[in-house]
There are 2 protein chains.
Amino acid sequence: MKLTEAKNQFVSSWGALGTHWGINRTMAQIHALLLVSTNPLTQDDVMEQLSISRGNVNMNIRELISWHLVERVIIAGERKEYFIAEKDIWKVATQIMKERKKRELDPMLKLLTQLENVEGDKKDKEVKQFVEMMGSIKTLGKNVNKVLEGVAKAEEKWFVGTLLKVLK
Amino acid sequence: MKLTEAKNQFVSSWGALGTHWGINRTMAQIHALLLVSTNPLTQDDVMEQLSISRGNVNMNIRELISWHLVERVIIAGERKEYFIAEKDIWKVATQIMKERKKRELDPMLKLLTQLENVEGDKKDKEVKQFVEMMGSIKTLGKNVNKVLEGVAKAEEKWFVGTLLKVLK
DNA sequence: CCGATCTTTCAATTAGTTTTGAAACTTATG
DNA sequence: CATAAGTTTCAAAACTAATTGAAAGATCGG
């Protein structure tokens with residue numbers, strides 16, 4: 001496979017994968033494109049290479065920036081804005097973890113806490129089972145939360161060295 | 001909040017959450033409904049409680065069964081099939097992990113391995129960077145794989161006890 | 001402060017996904 | 001084996017999400 005073909009393959013597969021992860025296809029594709037680009041790209045470059053509209057590129061790049069996966073760079077003497085992706089994959093991964101934790105896990109825990117406080121006799125079997133279910137989901141969520149926080153703070157070396165050893 | 005209301009809230013929020021996770025709303029809702037149901041339910045029960053069509057219930061229950069999150073139970077003397085959800089949340093979580101690993105991570109690693117073998121001079125800067133990027137994503141993916149395998153095999157107690165301690 | 005260049009917004013459209021419902025199929029029962 | 005009870009399938013319809021593109025908004029240099 002030639003380099004150009006391989007890059008295209010990567011971009012489109014990455015996009016397809018993103019779909020399963022609540023990330024829209026185009027956002028994932030733009031990210032992939034920037035990941036494998038040696039140089040910063042402009043919005044026009046992205047438009048052209050992925051054959052998508054200006055508005056679409058703009059919205060998705062902004063989203064990527066809000067995830068801290070992409071940043072704007074100014075090139076001296078150029079009017080246009082350029083964009084680059086964070087190339088350190090460990091940083092990319094921990095960044096995504098942090099965002100998803102904030103957007104999904106935290107709200108879920110909040111909900112479960114509310115639902116645990118359902119009215120009614122705790123001796124009633126129905127009520128008891130419900131409260132227990134909310135509690136056990138919440139406990140799991142909190143533990144996952146701690147793991148994610150731990151990993152997010154950790155260095156890649158520590159992850160590979162210590163954590164993987166503990167996990168056999 | 002009353003029990004019935006709390007259950008409804010749980011079912012609908014769980015559905016909304018599912019949406020961000022590549023799981024369709026109805027599948028997540030059915031799962032939630034079965035999770036908080038004291039008794040096994042029939043397809044008709046689910047149809048009624050969630051106001052959705054027979055076909056929809058059938059397809060999504062089948063999908064849940066293929067994820068090993070729900071199982072069919074036969075009740076002696078009854079013609080109809082009943083369904084129950086796995087209530088042990090740790091098992092639910094590890095089961096979901098296993099499925100997603102199989103459906104998403106494994107294919108991704110396969111792709112990266114192919115792309116690493118791109119043609120061209122490894123001294124060429126473009127080629128070199130691409131190969132390195134594929135390699136580092138692959139390494140990360142393999143490590144995540146190991147973590148998931150470790151956690152999937154582990155008991156919940158071990159997870160809470162040992163892993164959380166290591167992570168501080 | 002003017003015009004040129006570039007970026008952002010958003011209503012309308014298009015594409016993609018989910019849901020329905022009726023028909024086909026399967027299985028239990030008298 | 002005929003019929004009733006239950007399950008599955010799938011094409012069409014409904015719904016949801018992504019995309020476009022044109023217009024409005026910024027920003028820069030002179």
Side-chain angles (χ1 to χ4, degrees), chain A residues 11-34 39-67 70-84 103-104, chain B residues 11-34 39-67 70-84 103-104:
Chain A
V11 168
S12 81
S13 303
W14 207 247
L17 264 177
T19 299
H20 296 294
W21 280 88
I23 291 159
N24 90 37
R25 189 198 319 294
T26 307
M27 179 171 155
Q29 285 183 350
I30 295 176
H31 183 228
L33 179 63
L34 288 169
N39 314 312
L41 301 181
T42 63
Q43 293 200 356
D44 292 82
D45 294 331
V46 177
M47 280 172 69
E48 193 183 330
Q49 296 204 39
L50 301 180
S51 313
I52 56 182
S53 74
R54 183 175 301 286
N56 199 3
V57 171
N58 189 273
M59 281 170 68
N60 281 294
I61 286 189
R62 275 141 67 37
E63 187 71 6
L64 284 166
I65 291 173
S66 88
W67 282 66
V70 165
E71 59 178 306
R72 256 171 246 276
V73 292
I74 306 295
I75 293 189
E78 288 267 10
R79 184 73 183 276
K80 281 184 177 167
E81 292 179 339
Y82 284 75
F83 299 92
I84 52 171
R103 293 170 194 222
E104 294 160 31
Chain B
V11 169
S12 80
S13 303
W14 208 247
L17 264 176
T19 299
H20 296 294
W21 279 87
I23 291 159
N24 91 38
R25 188 196 320 295
T26 306
M27 179 171 154
Q29 285 184 349
I30 296 176
H31 184 229
L33 179 64
L34 290 170
N39 315 310
L41 302 181
T42 62
Q43 292 200 357
D44 292 81
D45 295 331
V46 176
M47 279 172 69
E48 193 182 330
Q49 297 203 40
L50 301 180
S51 313
I52 56 181
S53 72
R54 185 175 300 287
N56 199 2
V57 170
N58 189 273
M59 278 170 67
N60 282 293
I61 287 189
R62 277 141 72 34
E63 187 71 6
L64 283 166
I65 291 174
S66 88
W67 280 69
V70 165
E71 59 178 308
R72 256 172 245 275
V73 292
I74 305 295
I75 293 189
E78 288 268 11
R79 183 74 182 276
K80 281 184 176 166
E81 292 178 339
Y82 284 76
F83 299 93
I84 53 171
R103 294 171 195 222
E104 295 160 32

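What you are looking at is a predicted structure, and each value in this text was computed from that prediction instead of being measured. A, B, ... follow the sequence lines: proteins, then strands. Residue 1 opens every chain.
Taking the side-chain contact (heavy atoms from CB on, under 4.5 Å) definition, one finds that B:I65 meets it with B:I61, B:V70, B:R72, B:F83, sequence neighbours left out. Scored by the salt bridge (charged side-chain N to carboxylate O under 4.0 Å, His left out) test, B:E78 finds no partners at all (sequence neighbours excluded).
The interatomic distance linking A:E78 (CD) with C:dT7 (P) rounds to 11 Å, in whole Å. As rounded to whole Å, 16 Å separates atom P of C:dC6 from atom CG of A:L41. Put simply, CD1 on B:I75 is 16 Å from P on C:dA28, counting in whole angstrom units. Distance, A:Q43 CD to C:dT5 P: 17 Å, rounded to whole Å.
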Q) Once each nucleotide of nucleotides 14-22 of chain C is scored for protein heavy atoms under 4.0 Å, what B/S/- sequence comes out, 5' to 3'? A) ----SSBB-
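Contact record, B:A16 with B:R25: CA-NH1, 4.4 Å, taken as the closest heavy-atom pair. Between B:G15 and B:A28 the shortest heavy-atom distance is CA-CB, 3.8 Å. Minimum heavy-atom separation, B:E104 to A:L17: O-CD2, 4.0 Å. Between A:V11 and A:A32, the shortest heavy-atom distance links the atoms CA-CB, 3.8 Å. Nearest heavy-atom pair across A:Q29 and A:S12 is NE2-CA, 4.0 Å.
Within the model, atoms OG1 of B:T42 and CZ of B:R79 stand 14.0 Å from one another, a figure rounded to the nearest 0.5 Å. The structure places CD of A:E48 at 10.5 Å from CG of A:L41, a figure rounded to the nearest 0.5 Å.
From the 5' end on, the contacts that DNA chain D makes with chain A at under 4.0 Å to a non-hydrogen atom open and close at D:dA18 to D:dC28.
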Can you name the atoms? Protein N/O to nucleotides 24-27 of chain C N/O, anything below 3.5 Å, with the distance.
from	atom 1	to	atom 2	distance (Å)
C:dT27	O2	B:R79	NH2	2.9

Review item, side-chain donor-acceptor pairs of residues 51-58 of chain B, under 3.5 Å, at least two apart:
from	atom 1	to	atom 2	distance (Å)
B:S53	OG	B:N56	N	3.2
B:R54	NH2	B:D44	OD2	3.1
B:N56	OD1	B:N60	ND2	2.7
B:N58	OD1	B:R62	NE	3.4

